[in-house]
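Order of the sequence lines fixes the chain letters, A, B, ..., with proteins taken first and strands second; residue numbering starts at 1 for each chain.
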Amino acid sequence: MTARIALVADPDGHGGRLQRLAGDGSPAGPPEQHHDLAAAVAAAEAGEQPRWVWPATDAVYPGLLPQRVARCHDLALVEPLLLGQEGRYGHPRSLGAAWARVKGLPVPEDRPDSGAADSHDQPSLFRPDRHQLPPGTDPLRAVVEVHADQQRRVARLEHPDRMRLLCAAESAGALAAAEMAHDGLPWRADIHDELLTRLLGPRPPAGSRPRLLGELAAEVQRALGGRPFNPDSHAQVLRAFADQGIRLPSTRSWVLKQVDHPAAALMLRYKELSRIHTAHGWAWQENWARGGRFRPEYVVGGVVSGRWASRGGGALQIPRMLRGAVVADPGWSLVVADAAQLEPRVLAALSGDAGLARAAAQGDLYEALAAIAFAGDRARAKLGLLGAMYGQTSGEVGPLLTVLRRRFPAAMAYVEAAARTGEDGGVVRSHLGRICPPPSAPDPAGEPAEAEAAAEPDGDRLLRAARARGRFTRNFVIQASAAEWALALLAALRRRLADIGPDATGGRPHLVFFQHDEVVVHVPTQYADLAAAAVGAAAEEARTLVFGATPVRMPLETHVVDCYADAK
DNA sequence: ATCGTTCGCCAC
DNA sequence: AAACGTGGCGAACGAT
């Protein structure tokens, strides 16, 4: 078993304390004070490569980088997983909160920025304890005891091995997230600028509208009678169309697409370009992509399903139109790999449906599905299966579901059972044991707008809410289990990449992007094929680790490219 | 002025 | 005419 070492960083400076742990989590030695924590960590990494047990990766690890560690146990990420299993979803997760629960003390609420690195704008004596521990509590002792408590709680679960895997994967994800934030995604400002200039016109003074955008706005106004209005204002756009006798329910693009008037197409183009300008234009570049790297902050476990969220810069929404700016450094390449039809494959593995598994044993699941049940019509096969996973009922999906129910009864029963559990107010869990939020949790999913709800009879509102909840739980079991596979892939890949290189200049492949079912590795070109092979091996490892023996394949589409835009 | 909400688009 | 799941984000706009 991998050795474990508890670690806390000193609030200021570079020091910290370590303590070796026995297999049951009890101390296996005295606390050790180190003045150079990164050096102490480096020494252990050069040798036994322990699993570091620490309060929160996003608080500790950035201070250690560029020194990397192989594995960790992130107490603040594991705690919510266990709380969910214990019917205490959403309870505070900080070290101090976990300690308080162990000791029977009042439990402190999480701070909004808990986990994030402390600002050093005031002396440590006057800052509240960053771990939320009571005054005078030894944080190292708290780490040791909370960790031992978590180990005991894992052992009590129905599937402790699955939860151990989930905790390890979640923690490894936190390491990868911190490393990616540290390294950044290669971003060529000059190419970004060219793309923007071609689409919008030359860069305008800050705060004013680019030339082509302004011209487009003027064209829309002319097409709608010539009266000036702000195309960014929904209300004014609706009024301008109404003045031409066109009453629109909203300014959504799918609405505009069905309007037979020249102004509609212009408006659509304006909205498209305006979004590029406001969300990913020059201001974005200055804020987020300086020095040739885009440095977003990933929020591990930030989505209830276990997917990552991001904070700042919209890391998980880089428009396809701008991916040409993501270019490998000279002498380097990008390995871009994304899972093909991950979620239906996960459904096949989860449900054990023989027919769907047969389709998922193929390279193109939808093609195989179409051959089995839809007379070769791939589009309808895809539509139907996506509808089944998202809970869609409207439109042409209904008859497709009937076919799916007949041909893939186990798969359909699986998602429909999850939906029923949700509609009845229950909770569902992912394959490894992540629990979905209970209906009473703050920020409930799918609640209709207040005004709308108020105008609706209670019965209808409750029914609508129950159905929304059913769609949520139906999708949760798949999305959350898919996220587990992706996390396991990320962890395995990260470990495999560490064995490649370095080249003559010390360059090694490293992860630079992760988005739900897709990874990007930046790699010295001489190692690109090795890195690509590592991605494939990691995917296979993840499949076996998470789902065990299953005929379902989870293949990746892998491309070695210079530029992200060339990967699809 | 500042804050919170709504709309609507981006990604998967 | 969006009852298809998860999010982030920015402009407009109304409330304070």
Check your understanding: Does A/Glu219 pair with A/Arg222 as a salt bridge, N-O distance under 4.0 Å?
Key -> no
Revision key, fill the gap. Between CD of A/Glu423 and P of C/dG5 the distance, given in whole Å, is 12 Å
Exercise for review: May I ask you to say what A/Leu342 touches in the nucleic acid, namely base, sugar-phosphate or nothing, with a heavy-atom cut-off under 4.0 Å?
Suggested key: nothing
Point to revise | Presence of A/Arg471 side-chain N/O under 4.0 Å of C/dG5 phosphate oxygens OP1/OP2 | key: yes
Practice item. Report which part of the nucleic acid A/Val304 touches: base, sugar-phosphate, or nothing (heavy-atom distance under 4.0 Å, all strands). Key: sugar-phosphate
Review point. C/dG10 C1' sits how many Å from A/Asp232 CG, rounded?
Key: 10 Å
Review point. Starting at CG of A/Leu386 and ending at P of C/dA3, how long is that distance when rounded to a whole Å?
Key: 18 Å
Point to revise | Position toward the 5' end of DNA chain C (nearest nucleotide), A/Gly302 or A/Val255 | key: A/Val255
Exercise for review: Give a yes/no on whether any side-chain N or O of A/Arg252 is located under 4.0 angstrom from OP1 or OP2 of B/dG8.
Suggested key: yes
Practice item. Remember a base hit wins even if backbone is also touched, and classify A/Gly313 as base, sugar-phosphate or nothing at under 4.0 Å, heavy atoms. Key: sugar-phosphate
Revision key, fill the gap. Rounded to whole Å, the CG-P distance (A/Asp517 to C/dT6) equals 17 Å
Review point. Under 3.5 Å, is there a donor-acceptor pair between the A/Tyr298 and A/Asp58 side chains?
Key: no
Review point. In whole Å, what is the span from the CD atom of A/Gln317 to the P atom of B/dA11?
Key: 9 Å
Review point. So, A/Arg307 and A/Glu343, do they make that salt bridge, N to O below 4.0 Å?
Key: yes
Practice item. Starting from P on C/dG5, measure out to CD1 on A/Ile478 and report it in whole angstrom. Key: 13 Å
Review point. Using a cut-off of 4.0 Å on non-hydrogen atoms, how would the nucleic acid contact of A/Ser250 be classed: base, sugar-phosphate, or nothing?
Key: sugar-phosphate
Check your understanding: Heavy-atom count around A/Arg467 CZ within 6.0 Å, excluding the residue itself: above 12?
Key -> no
**Study point:** Side-chain ion pair, A/Arg198 and A/Glu194, N-O less than 4.0 Å
**Key:** no
Study note, to complete from the structure: Across every strand shown, the nucleotide meeting Watson-Crick or G-U wobble geometry with C/dG14 (both distances under 3.5 Å) is B/dC3
Review point. Does OP1 or OP2 of C/dA12 have a side-chain N or O of A/Ser233 closer than 4.0 Å?
Key: no
Check your understanding: How are the rings of A/His261 and A/Phe241 set to each other: parallel, tilted or perpendicular (split at 30° and 60°)?
Key -> perpendicular
Exercise for review: Please confirm whether any donor atom in the side chain of A/Arg467 sits under 3.5 Å from an acceptor in the base of C/dA3, or the reverse.
Suggested key: no
**Study point:** Main-chain N/O of A/Gly281 paired to A/Arg203 side chain as donor or acceptor, under 3.5 Å
**Key:** no
Review point. Is the closest basic N to carboxylate O distance between A/Arg420 and A/Glu423 below 4.0 Å?
Key: no
Review point. Any side-chain N or O of A/Ser310 less than 4.0 Å from the OP1 or OP2 oxygen of C/dG8?
Key: no
**Study point:** Length of the CH2-P vector between A/Trp308 and C/dG8, whole Å
**Key:** 15 Å
Check your understanding: If only side-chain N and O atoms of A/Asn475 are considered, is one of them under 4.0 Å from the OP1 or OP2 phosphate oxygen of C/dC4?
Key -> no
**Study point:** Pairing partner of C/dA3 (Watson-Crick or G-U wobble, both distances under 3.5 Å)
**Key:** none
Check your understanding: Can you check whether A/Ser394 has a side-chain N or O nearer than 4.0 Å to OP1 or OP2 of C/dA2?
Key -> no
**Study point:** Among B/dA11, C/dA1, C/dA12, the nucleotide that comes nearest once only the side chain of A/Trp254 is considered
**Key:** C/dA1
Exercise for review: Output the single nucleotide from C/dG8, C/dC4, B/dC12 whose closest atom is nearest the side chain of A/Arg323.
Suggested key: B/dC12
Check your understanding: Is the phosphate of C/dC4, meaning OP1 or OP2, less than 4.0 Å from a side-chain N or O of A/Thr393?
Key -> yes
Check your understanding: A/Thr278 side chain: which of C/dA11, B/dG8, C/dC13 is closest?
Key -> C/dA11
Check your understanding: With a 4.0 Å cut-off on heavy atoms, is A/Glu272 in touch with a base, just the backbone sugar-phosphate, or nothing at all?
Key -> nothing
Exercise for review: Look at the side chain of A/Arg320 against the base of B/dC10 and say whether a donor-acceptor pair falls under 3.5 Å; ignore hydrogens and angles.
Suggested key: no
**Study point:** Side-chain N,O (A/Lys271) to OP1/OP2 (B/dG8) below 4.0 Å
**Key:** no
Exercise for review: Check the distance between C/dG7's C1' and A/Tyr390's OH and give it to me in whole angstrom.
Suggested key: 12 Å
Study note, to complete from the structure: Which of B/dC10, C/dG5, C/dA12 is nearest the side chain of A/Phe472? It is C/dG5
Check your understanding: When the nearest nucleotide of DNA chain C is assigned to A/Val303 and to A/Trp284 on a heavy-atom basis, which residue is associated with the more 5' position?
Key -> A/Val303
Study note, to complete from the structure: Considering only heavy side-chain atoms of A/His234, the closest of C/dA2, C/dC13, B/dC7 is B/dC7
Review point. Watson-Crick or G-U wobble partner for B/dC9, using a 3.5 Å limit on both distances?
Key: C/dG8
Review point. Base, sugar-phosphate, or nothing: which does A/Asn230 touch, judged by heavy atoms less than 4.0 Å apart?
Key: sugar-phosphate
Check your understanding: Reckon A/Gln479 touches a base, only the sugar-phosphate, or nothing at all at heavy-atom distances under 4.0 Å?
Key -> base
